[in-house]
Amino acid sequence: MSTLRINVILFGIGNVGSTLINQVIESQKFFLEKRNIDLRFPIITNSTLAFFEKEGVKNQWEANFAQSAIPFRIEDIIDYVQEQNLENLIAVDATASSEIIKSYIPLIQNGFNIVAANKKANTLHLDFYNELRRNLKNFDKTFLYETNVGAGLPVVQTIKDLHFSGEKITKIRGVFSGSLSYIFNRFSSEQTPFSKILIDAEKNGYTEPDSREDLSGNDVARKLLILAREIEQKFEFSDIKIATLLLLELNEKHSKAQYAINKTLFDKPFNIAKITQAENHVLRYVGELDVITQKLEVKLVSVPKSTALGQLKGADNLIEIYTKSYGEIPIVVQGAGAGKEVTARGVLTDILKITDKIKIKETVFQ
Ligand SMILES: NC(=O)c1ccc[n+]([C@@H]2O[C@H](COP(=O)([O-])OP(=O)(O)OC[C@H]3O[C@@H](n4cnc5c(N)ncnc54)[C@H](OP(=O)(O)O)[C@@H]3O)[C@@H](O)[C@H]2O)c1
């Protein structure tokens, strides 16, 4: 059987993108021997520069990028792959950019499959969401984004498989944020003030550069919306009821400097929430989709310590999937919901799934 060459065009060489390149370089021999696949990166980019390399990146890719990358437009990328007759194309979006998603449809129309760690394309208005899927169907291309929720954990695919097997999903509930998992797991088990734990979370790199993005609840809401749409629930972001953790005195309307010096204002309200709970209960910040009542909520809840959510530790994510067949006991997916290694591995898994599809098509049309 001949080796299948796959051309990955990588947008974004930050934490996730650069780890992905290194994971592929490390496993290149393994993929060749075990799967007959030659995974190449003929183009890698950051926000302004692209590095074009006929042979694909190798160990010294960072030095090569620094030396030879040039400004680019998306049209240059499309022209290049056409000139070089590159086939089996997968564009990987390892950015958090709102700009790059405007290129998804032109890329699909020019022969690219897409793998995204970036959540933006799945959380915009439903018109764009549907238009993207219409193009995928028309051009027979695949778009995978397992890392949009729970990083490398198998959440999106599990939910999709259940739904398309005819299983009735009744509720999805979970802790979708590593930073807020860390904060509330510690806050519930220690006598440490909320503000101190928040500062620790920032120092450990668990939060976004401005932790108000985490505390706003918007990121949890985006992940919930992605899962809801996965089971064909036609919600918009504005349908989600978000109980933000931000206080009026500490919200995004105030400067970052004011926010930094006033974090102790969080201590009193969160302490009240903690001490007014029932015995043996802990606080968790969850996203919840109730399919029966058609409610999407992001909120702080108090749960018994003995439950799966109550036992959560570290910065783990935990997603409960309730279905008709599984009844009262949900399917639970738990583990690290962030981190460059697990996220890049999740992106790589999506790339390999598309590769398998390409292989099947090649066999059929040979
Ligand atoms: N890190 C995690 O644990 C994790 C987990 C799950 C999902 N994700 C998602 O993965 C994505 C990447 O995260 P990250 O941590 O790797 O981010 P990052 O370290 O900030 O890297 C982002 C990369 O994207 C590039 N970029 C920005 N705009 C671009 C554009 N328009 N075209 C091409 N490249 C562009 C940046 O280039 P410049 O340097 O030039 O700006 C940079 O190389 C995000 O959407 C994030 O939400 C991350």
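Atoms within a ligand are numbered from 1 in the order they appear, just like the ligands themselves.
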Any N or O of [X] that comes nearer than 3.5 Å to an N or O of ligand 1?
X	answer
Ala151	no
Ser47	yes
Thr48	no
Gly14	yes

Nearest protein heavy-atom contact for [atom]: which residue, which atom, what distance?
atom	value
atom 8 (N) of ligand 1	Thr343 CG2, 4.1 Å
atom 3 (O) of ligand 1	Gly339 N, 2.7 Å
atom 13 (O) of ligand 1	Val16 CG2, 3.8 Å
atom 39 (O) of ligand 1	Asn46 CB, 4.3 Å
atom 44 (C) of ligand 1	Thr95 O, 3.4 Å
atom 25 (C) of ligand 1	Gly12 CA, 3.7 Å
atom 15 (O) of ligand 1	Asn15 ND2, 3.2 Å
atom 46 (C) of ligand 1	Ala117 O, 4.5 Å

Without hydrogens or angle criteria, can the side chains of [X] and [Y] be said to hold a donor-acceptor pair below 3.5 Å?
X	Y	result
Gln109	Asn135	yes
Ser179	Ser177	yes
Asn110	Gln82	yes
Ser68	Asn64	no
His163	Glu232	yes
Asp161	Gln157	yes
Glu249	Gln258	no
Ser195	Asp267	yes

Side chain, backbone, both or neither: which part of Thr147 has a heavy atom under 4.0 Å from ligand 1?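 Near ligand 1, Thr147 shows its backbone, while the atoms from C-beta on stay back.
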Below a 4.0 angstrom heavy-atom separation, can you tell me which part of Ala94, side chain or backbone, both or neither, approaches ligand 1?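 The backbone, only.
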Please report whether atom 20 (O) of ligand 1 has a protein non-hydrogen atom at a separation of less than 4.0 Å.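 So atom 20 (O) of ligand 1 lacks protein heavy-atom neighbours under 4.0 Å.
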Got a protein heavy atom sitting under 4.0 Å from atom 6 (C) of ligand 1? yes
Are Leu283 and Leu245 linked, directly or through intermediate hydrophobic residues, by side-chain heavy-atom contacts shorter than 4.5 Å (ILVMFWY only)?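 As far as the 4.5 Å side-chain criterion goes, Leu283 and Leu245 are connected within one cluster.
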Between Ile100 and Tyr129, is there shared hydrophobic-cluster membership here, with clusters defined by ILVMFWY side-chain heavy atoms closer than 4.5 Å?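 Yes: a chain of side-chain contacts under 4.5 Å links Ile100 to Tyr129.
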Thr3 side chain to Ile37 main-chain N or O, any donor-acceptor pair under 3.5 Å?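 No, the answer is negative, given that no donor and acceptor are paired below the 3.5 Å cut-off.
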If you look only at pairs with a residue in residues 84-109, which of them pass as a ring-ring contact (aromatic ring centres under 6.0 Å, His included), with sequence neighbours excluded? Tyr104-Phe143
Please state whether Lys120 comes within less than 4.0 angstrom of ligand 1, counting heavy atoms only.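 Heavy atoms of Lys120 never come under 4.0 Å of ligand 1.
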What atoms in ligand 1 come closer than 4.0 Å to a heavy atom of [X]?
X	value
Lys119	47 (O)
Ala338	3 (O)
Ser97	28 (N), 29 (C), 31 (N)
Thr45	33 (C), 34 (N)
Ala96	44 (C), 45 (O)

Give me the ring orientation class for Phe270 and Phe266: parallel if the planes are under 30° apart, tilted from 30 to 60°, perpendicular past 60°.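 Aromatic pair Phe270/Phe266 classed tilted.
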